[in-house]
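Counting convention: from 1, in listed order, for ligands and their atoms alike. We're numbering straight along the sequence, starting at 1.
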Amino acid sequence: MEDFSKLITVRRSHRRFTQEPVADEELRLILRAALLAPSSKGLHNCELTATRDKKVIGHLAQCKAQGADFVVEAPVVIAVVGNPEVGDMWVEDCSVAATMMLLQAEDLGLGACWVQVRERQDQEGRSAEDNVRRLLDIPQGRRVLCLIALGHKGMERKPQNEERLHWEKVNGLTG
Ligand SMILES: Cc1cc2nc3c(=O)[nH]c(=O)nc-3n(C[C@H](O)[C@H](O)[C@H](O)COP(=O)(O)O)c2cc1C
């Protein structure tokens with residue numbers, strides 16, 4: 001898509017996926033988008049672990065009590081991970097990187113959704129971060145911000161409704 005204004009209007013969270021595989025080149029472009037993200041002090045405090053393993057993805061869908069079930073359908077899941085030892089801006093760096101991946105996915109016509117992991121627990125009260133670290137062999141000191149569930153769209157979604165934008169939250173516009 002050439003028009004960025006249109007891209008950010010049509011991008012929606014997608015939670016239904018077909019089982020058509022995501023091509024390696026498409027996945028590479030999405031991971032590249034994260035690596036191209038702006039970052040605090042240029043430290044790029046964001047590591048990525050991608051998996052296509054159906055069994056692992058099935059367990060990731062249970063990493064927290066609510067809001068991750070749909071992940072089970074995703075052909076690819078990417079964990080977005082920061083390292084507090086590198087710097088204190090890991091949440092910000094990882095958030096920007098995750099957003100870049102959501103936009104690149106949309107640009108490729110793929111569907112994606114952010115799944116919050118940090119500060120979340122599973123049904124038994126265990127840390128969702130611990131669950132994800134264990135499933136993806138992520139070292140203990142690392143922090144897991146979120147998962148990005150990714151795949152070919154299983155259903156279309158309407159673009160954002162221009163009428164419902166919260167312009168009242170914007171101050172300082174003149175004229
Ligand atoms: C910080 C953050 C956390 C989110 N966590 C989840 C989540 O755990 N599960 C989920 O299904 N969607 C999650 N989402 C997606 C939001 O629900 C979604 O962006 C919001 O409802 C607006 O819909 P849209 O993305 O289609 O514009 C999250 C989004 C953000 C930015």
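Looking at Val91 and Arg118, their side chains come closer than 4.5 Å, going by heavy atoms from C-beta outward. Residues Ser13 and Phe70 fail the side-chain proximity criterion, which asks for heavy atoms closer than 4.5 Å. For the pair Ile148 and Val115, the minimum side-chain heavy-atom distance is 4.5 Å or more. In this structure the side chain of Leu147 reaches within 4.5 angstrom of the side chain of Leu60, judged on heavy atoms.
Annotation: ligand 1 has protein neighbours Arg11, Arg12, Ser13, Arg15, Lys64, Gly67, Phe70, Cys113, Trp114, Val115, Gln116, Arg157, Gln160, each with a heavy atom less than 4.0 angstrom from the ligand.
Between the side chains of Asn45 and Asn83, no donor N or O sits under 3.5 Å from an acceptor N or O. Neither side chain, Glu92 nor Trp90, offers a donor N or O lying under 3.5 Å from an acceptor on the other.
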